[in-house]
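Position 1 is the first residue of the sequence, and the numbers go up from there. Atoms within a ligand are numbered from 1 in the order they appear, just like the ligands themselves.
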Amino acid sequence: MNDGHEIPQLGLGVYKVPDDEAAEVVRTAIELGYRHVDTAKLYLNEIGVGRGVRDSGVPREDVFVTTKVWNDDHGYDETLRAFDDSLERLGFDYVDLYLIHWPVPSKDRYVDTWKALERIKADGRARSIGVSNFTERHLDRLREEAEVVPVLNQVELHPWLPQTELRDYDTANGILTEAWSPLARGRVLGNDVLDRIAAKYGKTPAQVVIRWHLELGNVVIPKSVTPSRIAENADVFDFALDQDDMAQIATLDSGERTGMHPDNG
Ligand SMILES: NC(=O)c1ccc[n+]([C@@H]2O[C@H](COP(=O)([O-])OP(=O)(O)OC[C@H]3O[C@@H](n4cnc5c(N)ncnc54)[C@H](OP(=O)(O)O)[C@@H]3O)[C@@H](O)[C@H]2O)c1
């Protein structure tokens, strides 16, 4: 990342994983080799995530954990308080990455919120800071009014919404792009193009799409609570897509979102 820290390119998403299941899911993923977990205040499972990291027995510094400030907590002081609360729920003395979850342009407080993240980074309590669901316009504003460049921008991204222009912008500005809903929330199943490519490599459509993300250079955080799928989603390092596969996947681009457009928040 642009601040010198490293992030594992593949991680586990835990949106909609109940808090009382999160510890087990996170521990299972770590046992299967994951070293990166993506949570948020909104997901109401930071307590379980922290417990899962501790239960795994893997040292804290070997697992990369992201959490996020929620829309209700925008503002400098509010964000500092929200961060303290997240850290306490996780049971950690630092997080690896703290993100602004959405820019919420209707509130227009994301620059103050970002300044709080800069403070938290300066204090060493978040090793890295970044944003989520920021468009070029929101990122331009941070460039003009703030000091620190976000390490990454976590956005909805999958074959139906490849975010080509935003990825180019991020790259030009030293910002990694991280894909949320990388499997389009399960839509990758039952698609002819992906089925054909999967059959060619003896892989599943989900594995083909995760491989597609890796080859584009995206950080990717597929979510699953199913141990066999958690394992499947990480078993993507023994094959590579060719130019023809990438061109075929590019035909799926339809601009369709599973979530809301960031300008509407
Ligand atoms: N920043 C943001 O605004 C934002 C928004 C949304 C999500 N996120 C992050 O991104 C992560 C991933 O996104 P997501 O949870 O929305 O969707 P996703 O990862 O695209 O898809 C998850 C769905 O796919 C299923 N699945 C997972 N692996 C599979 C496989 N190998 N084969 C078939 N189905 C499979 C899961 O089922 P099971 O769990 O039942 O196995 C679940 O229903 C989230 O968990 C969260 O950490 C961030």
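- Looking only at distances, a side-chain donor or acceptor of Asn153 sits under 3.5 Å from a matching main-chain atom of Phe134.
- Aromatic ring pairs are classed by plane angle as parallel below 30°, tilted from 30° to 60° and perpendicular above 60°; the pair Tyr98 and Phe83 is perpendicular.
- Residues of the protein with a heavy atom under 4.0 Å from ligand 1 are Gly13, Val14, Tyr15, Asp38, Tyr43, His101, Trp102, Ser132, Asn133, Gln154, Trp180, Ser181, Pro182, Leu183, Ala184, Arg185, Gly186, Leu189, Ala206, Ile221, Pro222, Lys223, Ser224, Val225, Thr226, Arg229, Glu232, Asn233, listed by chain and number.
- Note on residues 148-175: no pairs pass salt bridge (Lys or Arg N to Asp or Glu O under 4.0 Å), not counting sequence neighbours.
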* To do: Could you walk me through whether Asn233 and Tyr34 pass side chain to side chain donor-acceptor pair (under 3.5 Å), step by step?
  => CA-CA 10 Å; Asn233 293 346; Tyr34 285 73; 4.8 Å; no
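- In summary, Asp96 and Arg35 do not engage in a salt bridge, as defined by a charged side-chain N under 4.0 Å from a carboxylate O.
- Taking 4.0 Å as the cut-off between side-chain N and carboxylate O, Arg143 and Asp140 count as a salt-bridged pair.
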